[in-house]
Number of protein chains: 2
Amino acid sequence: MLTIGTLAKKTGTKVQTIRYYEQIGLMPEPGRTEGGQRRYGNAELDRLSFVRHARQLGFSLDAIRELLDLSDHPGKSCAEADAIARRQLKQVEQRLARLEALRTELKRMVHECSGGQTSDCRVLEVLRDHSECLTEHEDIGA
Amino acid sequence: MLTIGTLAKKTGTKVQTIRYYEQIGLMPEPGRTEGGQRRYGNAELDRLSFVRHARQLGFSLDAIRELLDLSDHPGKSCAEADAIARRQLKQVEQRLARLEALRTELKRMVHECSGGQTSDCRVLEVLRDHSECLTEHEDIGA
DNA sequence: CTTGAACCTACAGTAGCTAGAGGATGTAGA
DNA sequence: TCTACATCCTCTAGCTACTGTAGGTTCAAG
């Protein structure tokens, strides 16, 4: 039987985060000691590992909820899980494209800084100059 | 004189976002009509363009506040602005590295999906199997 | 003068946690 | 057994960067 702290260490999660997952129904309510402290078993350890791994892959908590549901019903079609993963992959590729553009522009900004006064600063100039903006009025993703 | 809606369209910002920027002190309080509606000039248009551009480049609102401050004091050293941009570049490169790793793993998941039942699903298997996790206990960034 | 789009304030909600207060529990050593 | 103290508990508020809604007012065109 694991305390919440031990579970936290084993999965690289904060204690509060585990309680938060319980609160939003992503983790089940565990057993308690007489004094009211949570005690976990291996099933919970596996489930939390699944959740953390999926989070590291960028899945939203909602997507993870779906994946857990699929995982709980082994007879269901794999297609849904595949669709979720594909959606995730698409999002990741979009973010990559954006970030690569940002890197280019930031590099340019840094290289062109002459080290003088801010009035000559390319960093500020690039940000001021709207016409150099590559991606106009695009939404700002995370 | 621009209404808030026109300013929003010109900069690709939502009206509420402009009011929010005003509230947190990123945009100045503009002039008002007799009826109390906001009216903007070119200075505000420039400032908001600066903010949006910086946001698209991934700068936090705090970083933008610093940049605006530098921009408002043209005598200051450029080094600070440069430092902010460098910090930002570093973050972008870290995010890129993470996302590239994620893409690899997601691609593998998707390609290996056999199309059968969830009990054989590679997507779920990969998420379940902690040992295949490349990046253990790393923090989850945006 | 009327209509309707755009404006106003104020407040609540989003994701995904994180931090703190103030107090209870569990366990190891003396 | 007592004590110390790390860990646990609940509850609430805060974070970033917005977004949405309700209920009401103003502006400009026809």
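Per chain, numbering begins at 1; letters A, B, ... match sequence-line order.
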request  = When you get a sec, tell me which of D/dA17, C/dG16, D/dC8 is the closest nucleotide to the side chain of A/Ser60?
outcome  = C/dG16
query = Who pairs with B/Thr3 by side-chain contact (heavy atoms from CB on, under 4.5 Å), at least two apart in sequence or on another chain?
reply = B/Thr6, B/Arg39
Check: A/Leu67 main-chain N/O paired with A/Ser71 side-chain donor or acceptor under 3.5 Å = no
Please output the side-chain donor-acceptor pairs of residues 58-66 of chain A that fall under 3.5 Å, not counting sequence neighbours, one pair per line with the distance.
{"unit_1": "A/Ser60", "atom_1": "OG", "unit_2": "A/Asp62", "atom_2": "N", "d": "3.4"}
{"unit_1": "A/Ser60", "atom_1": "OG", "unit_2": "A/Ala63", "atom_2": "N", "d": "3.1"}
{"unit_1": "A/Arg65", "atom_1": "NH1", "unit_2": "A/Ile24", "atom_2": "O", "d": "2.9"}

ask   = Donor-acceptor pair, A/Thr13 side chain versus A/Lys9 backbone, under 3.5 Å?
value = no
query = Does A/Thr17 make a side-chain N or O approach to OP1 or OP2 of C/dT18 shorter than 4.0 Å?
reply = yes
ask   = Restricting to pairs with a member in residues 42-51 of chain B, which pass salt bridge (Lys or Arg N to Asp or Glu O under 4.0 Å), not counting sequence neighbours?
value = B/Arg47-B/Asp72
key: Partners meeting salt bridge (charged side-chain N to carboxylate O under 4.0 Å, His left out) with A/Arg103 (sequence neighbours left out)   = none
query = Going through the checks in order, is the side chain to side chain contact (heavy atoms under 4.5 Å, CB included) test met by A/Lys14 and A/Arg19?
reply = CA-CA 9 Å; A/Lys14 300 227 165 161; A/Arg19 289 200 278 250; over 6 Å; no
Listed once per pair and sorted, the side-chain hydrogen bond (donor to acceptor under 3.5 Å, both in side chains) pairs that draw on residues 25-35 of chain A, sequence neighbours left out = none
inquiry  = Between A/Tyr20 and C/dA15, is there a contact of a side-chain N or O with OP1 or OP2 at under 4.0 Å?
reply    = no
query = Taking DNA chain C as the partner, which of residues 25-45 of chain B come within under 4.0 angstrom of it by heavy atom?
reply = B/Arg32, B/Gly36, B/Gln37, B/Arg38
message = Applying side-chain contact (heavy atoms from CB on, under 4.5 Å), can you list everything that pairs with A/Asp69, at least two apart in sequence or on another chain?
response = A/His73, A/Lys76
task = Only counting residues at least two apart or in another chain, list the ones meeting side-chain contact (heavy atoms from CB on, under 4.5 Å) with A/Gln91.
result = A/Gln88, A/Arg95
query = How close or far is atom P of D/dA17 from atom CG of B/Leu61, stated in whole angstroms?
reply = 4 Å
request  = For B/Arg52 and D/dA17, give me the distance from atom CZ to atom P, rounded to whole Å.
outcome  = 11 Å
ask   = Which whole-number value in Å describes the distance from B/Ile4 CD1 to C/dA6 P?
value = 13 Å
ask   = Please give, in whole Å, the distance from D/dT19 C1' to B/Ile18 CD1?
value = 14 Å
remark   = Sequence neighbours excluded, the answer for side chain to side chain donor-acceptor pair (under 3.5 Å) partners of B/Glu22 is B/Arg38
Listing time: all N or O pairs from protein to nucleotides 20-24 of chain D that are below 3.5 Å?
{"unit_1": "D/dG20", "atom_1": "N7", "unit_2": "B/Gln16", "atom_2": "NE2", "d": "3.2"}

ask   = What is the bend of the helix from C/dC1-D/dG30 to C/dA30-D/dT1 when you compare the axis at one end with the axis at the other, using five pairs each and rounding to 10°?
value = 0°
Length of the CG-P vector between A/Leu7 and D/dC8, whole Å = 10 Å
ask   = B/Met1 CE to C/dC7 C1': how many Å, rounded?
value = 17 Å
query = Can you check the A/Ile24 CD1 to C/dT18 P distance for me, whole Å?
reply = 12 Å
